[in-house]
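Written below as structure tokens is the structure these notes are about.
Chain A is the first sequence line, chain B the second, and so forth, proteins listed ahead of strands; every chain is numbered from 1.
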2 protein chains.
Amino acid sequence: MKHKKQLFTPGPSNVPDPILEELSKDVIHHRMGDYKKILEDVTGKLKSVFKTSEDVLILTSSGTGAMESSIVNLFSKGDHVLVINTGNFGDRYIEIAEVFGLKVSSLKYEWGNTYSLAEVKQFLADNTDVKGILMTYHETSTGVLNDVKRIGELTKDTDTLLITDCISGMIVHPFEFDQWNVDCAVASSQKGFLLPPGISFVSISKKAQKQMERSNLPKYYWDYKKYYDYLKKGQPPFTPAIQLIVGLNKALTYILEKGVTTINTEKQELRTYTEERFKEIGFTLFIEDESIRGNVLVPVVPTNKDLDIKKLTKILDETYDLSVSKGQGQYVTKMLRIGILSEIGKDDIDDLIGKIKAIV
Amino acid sequence: MKHKKQLFTPGPSNVPDPILEELSKDVIHHRMGDYKKILEDVTGKLKSVFKTSEDVLILTSSGTGAMESSIVNLFSKGDHVLVINTGNFGDRYIEIAEVFGLKVSSLKYEWGNTYSLAEVKQFLADNTDVKGILMTYHETSTGVLNDVKRIGELTKDTDTLLITDCISGMIVHPFEFDQWNVDCAVASSQKGFLLPPGISFVSISKKAQKQMERSNLPKYYWDYKKYYDYLKKGQPPFTPAIQLIVGLNKALTYILEKGVTTINTEKQELRTYTEERFKEIGFTLFIEDESIRGNVLVPVVPTNKDLDIKKLTKILDETYDLSVSKGQGQYVTKMLRIGILSEIGKDDIDDLIGKIKAIV
């Protein structure tokens with residue numbers, strides 16, 4: 001156990017000490033040469049992580065802010081969009097799109113399931129006015145990984161944009177912005193990026209950049225054009241969370257040196273290990289289909305229906321300094337979501353298993 | 001000199017080491033008990049700093065995001081607002097309000113001057129439909145401190161809201177949210193708060209909270225109602241910049257123990273000292289009227305018109321690790337803005353003076 005409090009939560013997660021130490025370095029100024037160099041560095045490294053030839057923009061906001069930015073930059077009032085809704089963060093994209101006056105249709109799936117490709121195809125055939133598809137790559141409320149690539153094949157040669165909330169999905173799963181024909185991908189620092197929360201990342205395809213021109217929704221802080229304009233000067237349009245961007249540079253170096261593919265594999269192994277260990281102590285896996293289980297968290301349900309999840313997580317947190325997430329929505333008292341992001345190994349899982357056995 | 005690079009910039013500024021160290025502590029989770037305690041602590045301390053009985057909301061964004069939030073929460077499309085414009089950040093409030101479809105009138109003053117109270121009074125008499133006055137407390141582009149209290153006396157018993165950008169003004173100048181009848185005050189971490197950038201603060205009067213109910217502008221990430229609702233549970237609505245909020249707790253303790261009034265006095269003395277030292281080496285003060293000079297930065301203009309400000313700041317930054325801000329707008333090549341926020345003493349000013357003398 002490397003940290004006083006071990007976070008088994010699907011973001012934020014424990015940040016490696018060498019990256020944390022970057023945050024306490026002297027503040028540099030965002031309009032000076034030192035920052036310009038770092039902004040160039042991180043932009044280049046983010047492009048490698050997103051697998052894109054387009055610049056990746058950095059916003060000072062949580063992931064929700066970045067989701068909002070994708071709506072207000074790429075659509076206009078009354079635009080028809082389809083949300084592929086597989087959980088809480090699908091709901092969130094619906095809420096944001098509705099607040100900004102889009103016409104929102106959704107295909108809703110039971111928690112723990114992914115979407116039906118046939119239904120999406122049918123919807124698009126029946127609704128030729130659809131300007132965009134909004135989907136969650138990894139759905140943090142359920143642990144489901146939705147196939148983005150297959151949707152990109154549908155929107156590829158059309159005018160429909162594919163907007164993906166990759167906030168928890170990126171880095172711990174394969175992601176190919178250009179290859180998969182994604183038009184906008186949103187990510188956030190506190191998930192696979194080995195950082196604390198506070199900044200978010202957005203990439204935009206050429207096709208989506210064209211749509212920016214016709215968007216009539218009001219925006220100022222989120223206005224991508226400002227970010228592109230300033231990026232040419234090596235600057236951000238507004239004062240950014242400087243310490244986090246300095247930390248990001250270190251984190252991305254670590255991630256790229258290790259290799260995103262290696263991280264994918266390691267996390268998948270840890271996920272399988274965690275699943276097995278929890279099955280041994282009286283839990284069942286929430287997601288039946290192995291092929292859609294993500295590497296961010298392991299959602300499990302106790303076989304003993306009387307087990308008080310709220311009490312269990314409280315004891316783990318307050319007595320043992322182990323923070324484990326409960327379920328969301330209707331599963332708040334019925335599910336554990338064991339986050340495995342960042343600095344967590346099999347020994348940490350063993351430790352957690354031991355503590356849970358002692359409690360229940 | 002306590003820092004490798006000394007920032008003589010009007011935010012961000014050098015952060016004291018004990019506060020910086022807080023940023024590299026282990027990440028805690030924003031839905032767990034530890035965070036709840038910190039959120040309660042910082043909210044209480046922010047109320048003391050803002051001098052208000054209302055809760056102060058914390059946004060993960062730069063100050064501009066918080067300015068935008070005040071517009072979208074308190075006004076509706078077509079609402080008539082008056083911007084008291086004394087510089088770059090007055091311009092910014094105009095731009096944001098226009099983007100969101102408000103009807104914007106402005107009273108514009110020459111850079112280096114404050115507003116005319118008689119003109120504001122006359123404007124309000126001629127325009128009884130004005131829903132809000134937007135004004136900058138300390139204008140960072142010019143160094144001018146605008147009297148907020150006098151405007152609060154005008155809006156006090158009316159339906160007109162007084163919205164103040166106090167981003168650079170707070171803590172280094174007296175500020176009384178309740179006493180001065182301010183309806184919304186916006187501040188940001190990287191100015192007087194002894195922190196790096198990344199989070200902002202907003203307080204809203206009862207009168208303004210009523211106006212929130214009628215506002216029809218679209219908002220999701222900025223929606224104050226969400227922040228109020230979650231605050232009751234001791235949580236933020238969206239994942240916040242946790243490290244900065246932990247650091248904020250330490251910074252506010254320091255500020256309140258020292259006393260905001262003491263900080264005001266110290267900064268005013270340092271400002272006067274800096275003015276005198278720069279006059280000795282061939283600079284004149286940009287702001288003639290002593291009563292409107294703020295304590296954030298000292299704007300000076302060289303008497304030698306041929307002095308290359310761009311070259312001077314470049315040498316200071318790259319050769320001596322001293323970052324000094326140039327002017328903004330039309331003064332970019334004509335003015336130095338010596339930021340005196342945070343950890344700067346007379347010895348640092350002396351050192352800067354020595355380096356400038358050696359260069360010019």
Would you say [X] and [Y] make side-chain contact, with heavy atoms under 4.5 Å?
X	Y	result
B/Thr9	A/Met32	yes
B/Met67	A/Phe238	no
B/Asp26	A/Leu20	yes
A/His29	B/Leu7	yes
A/Pro196	B/Val27	yes
B/Thr60	A/Pro197	no
A/Ser62	B/Tyr221	yes

For [X], is it the side chain, the backbone, both or neither that has a heavy atom under 4.5 Å from a heavy atom of chain B?
X	answer
A/Ser69	neither
A/Glu318	neither
A/Val246	neither
A/Pro240	backbone

Could you pull out the closest heavy-atom pair between [X] and [Y], with the gap in Å?
X	Y	value
A/Leu23	B/Gln243	CD1-CG, 4.0 Å
B/Gly11	A/His30	O-CE1, 4.3 Å
A/Gly198	B/Ala241	CA-CB, 3.8 Å

Could you tell me whether [X] atom [atom1] has more than 12 heavy atoms of other residues or ligands within 6.0 Å of it?
X	atom1	answer
A/Tyr254	OH	no
B/Lys314	NZ	no
A/Lys77	NZ	no

Do you know which of [options] has the most heavy-atom pairs with chain B at a distance under 4.5 angstrom?
options	value
A/Lys5, A/Glu22, A/Glu21, A/Glu95	A/Glu95
A/Gly33, A/Gly101, A/Pro218	A/Pro218
A/Thr239, A/Asp317, A/Thr313	A/Thr239
A/Ser13, A/Ser24, A/Gly65	A/Ser24

Given a strict heavy-atom distance threshold of 4.5 Å, which part of [X] is in contact with chain A: side chain, backbone, both, or neither?
X	result
B/Asp34	side chain
B/Lys25	backbone
B/Ser188	neither
B/Glu68	side chain
B/Lys219	backbone
B/Ile28	backbone
B/Gln190	side chain

| request: Sort out for me which of B/Ser61, B/Gly63, B/Ser325 touches chain A most, counting heavy-atom pairs under 4.5 Å. | output: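 The candidate making the most pairs under 4.5 Å is B/Ser61.
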| query | Taking only residues two or more places apart in sequence, or in another chain, which ones meet B/Lys311 in a salt bridge (charged side-chain N to carboxylate O under 4.0 Å, His left out)? | reply |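 If we apply the salt bridge (charged side-chain N to carboxylate O under 4.0 Å, His left out) test to B/Lys311, skipping adjacent residues, there are no hits.
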